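Beneath this line is the structure, given in structure tokens, with notes to follow.
Read the numbers this way: they start at 1 and go in the same order the structure lists the ligands and their atoms. Note that the coordinates shown come from a computational prediction; the quantities given were computed from them, not determined experimentally.
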Amino acid sequence: MAGNGEKLTIAVTGATGLVGSRLVAKLAAAGHKVRVLTRNTGSARAKLTYPGLEFFGPAEWARGVEGAYGVVNLAGEPIATRWTDDLKKAIKSSRVGATTAVVNAIKAAPADKRPKVLVSASAVGYYGISQTATYSEDSPSGNDYLAEVCRAWEAAALEAQSAGVRVVIARIGIVLAPEGGALGKMLPVFQIFAGGPLGSGKQWMSWIHRDDLVDLITQALTNPAYAGVYNATAPKPVRMSELCSALGNMLGRPSWLPVPEFALMTLLGEGASVVLDGQRVMPTRTQAAGYRFKYADIGDALRNLRLVSR
Ligand SMILES: NC(=O)c1ccc[n+]([C@@H]2O[C@H](COP(=O)([O-])OP(=O)(O)OC[C@H]3O[C@@H](n4cnc5c(N)ncnc54)[C@H](OP(=O)(O)O)[C@@H]3O)[C@@H](O)[C@H]2O)c1
């Protein structure tokens, strides 16, 4: 185990994002050396101001990866927005492209300076959507666009195995964080429409508190027993209606009036499928690996994030 107080060098793509920024803060606070692999060093420096960080632009990723103990790959064009044809291409190509770039950089490193582990993001969209099925890590992939994106994204990451690197894929659910993410995009619509469920309310939301995701990534980095696919979702997924009644408490509004699908579609276009359609995903391998969720319960997570008051 590399964890016991040892100070590690970790390279992170997507470090400026919702998940990456928190991961970088925690790794830096624990005394690890963090290398930020970014598209734009200027704006990354402005966003991430912890002392000791090193920044590497697109032409310097190979140098950023060489000699690092581990790499965390979180880069990708945001998906909870209006999907045009161009954006759909960017959603896939940004993920596969960034992952391929980081894997090529890992492979190019001399064997004695090659990172030992790659922790790479994927998403629960891998499984497709269903109101009735329950998915675990060994369930088959779905047939829709996001499932196809996830398969290509994961395949690009798994390429690092051929260079003897331990690869961990985290299939991430909807990340709950105080400053937004998908939930932040939902909240304004939710407020306009008096706090009812979005869409039918029956769709499953497999969610994870950002602190759990960051802890899980850190464990996957430092504990060599982690290898392969892990669902990064809390063990108690909820239907959208449950999430909305918890949120309704915060707003002091009833949660029985459904928000029409067309309202969300108008706002988000096809990207609304992230919250209109869902899947029930269980973190079976994650719990079997010994990960203990700090936030298993949606009420606790929302209270912690101060998204609900009681
Ligand atoms: N948040 C969720 O609910 C959720 C759910 C499931 C899966 N995930 C996955 O987990 C990862 C991290 O999520 P997040 O919410 O932290 O993402 P995010 O806030 O959208 O940040 C992703 C980062 O990726 C980089 N990026 C953005 N557009 C890009 C493009 N076109 N090409 C290459 N890089 C680009 C940016 O970093 P630089 O500008 O520094 O390059 C950005 O800070 C993502 O891959 C996401 O798909 C997230």
Compute the shortest N/O to N/O distance between [X] and ligand 1 and return yes if it is under 3.5 Å, no if not.
X: Ser122; result: no
X: Ala123; result: no
X: Asn40; result: no
X: Val175; result: yes
X: Gly14; result: no

May I ask which of [options] has a heavy atom nearer to [atom] than the others do?
atom: atom 8 (N) of ligand 1; options: Thr41, Val12, Ile172; value: Ile172
atom: atom 32 (N) of ligand 1; options: Ser94, Gly97, Ser120; value: Ser94
atom: atom 20 (O) of ligand 1; options: Ser21, Ser206, Pro78; value: Pro78

Of the backbone atoms (N, CA, C, O) and the side-chain heavy atoms from C-beta on, which set of [X] has a member under 4.0 Å from an atom of ligand 1: side chain, backbone, both, or neither?
X: Ala90; answer: neither
X: Trp153; answer: side chain
X: Ile174; answer: backbone
X: Ala121; answer: side chain

Non-hydrogen atom of Lys47 closer than 4.0 Å to ligand 1 |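 Judged by the 4.0 Å heavy-atom criterion, Lys47 does not count as contacting ligand 1.
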So is Ser43 in contact with ligand 1, going by heavy-atom distances below 4.0 Å?
->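 Distance cut 4.0 Å: Ser43 fails for ligand 1.
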Result of checking Arg171, Arg95, Glu154 against Ser122 for side chain to side chain donor-acceptor pair (under 3.5 Å) = Glu154
Side chains of [X] and [Y]: closer than 4.5 Å at any heavy-atom pair?
X: Trp207; Y: Val238; answer: yes
X: Val72; Y: Leu74; answer: yes
X: Leu37; Y: Val12; answer: no
X: Ser93; Y: Val96; answer: no

Polar side chain donor-acceptor pair, Tyr295 to Asn304, under 3.5 angstrom =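 Per modelled atom types, Tyr295 and Asn304 side chains form a pair under 3.5 Å.
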Does the side chain of Asn231 pick up a donor-acceptor pair with the side chain of Tyr135 at under 3.5 Å?
->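 Side chains of Asn231 and Tyr135: no pair found under 3.5 Å.
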Proximal atoms of ligand 1 relative to Gly173 (non-hydrogen, under 4.0 Å) |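 So the atoms of ligand 1 that pass are 3 (O), 4 (C), 5 (C), 6 (C).
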List the steps, then state whether side-chain contact (heavy atoms from CB on, under 4.5 Å) holds for Val117 with Val71.
-> CA-CA 6 Å; Val117 51; Val71 179; over 6 Å; no
Same apolar cluster: Leu213 and Leu23, side chain cutoff 4.5 Å = yes
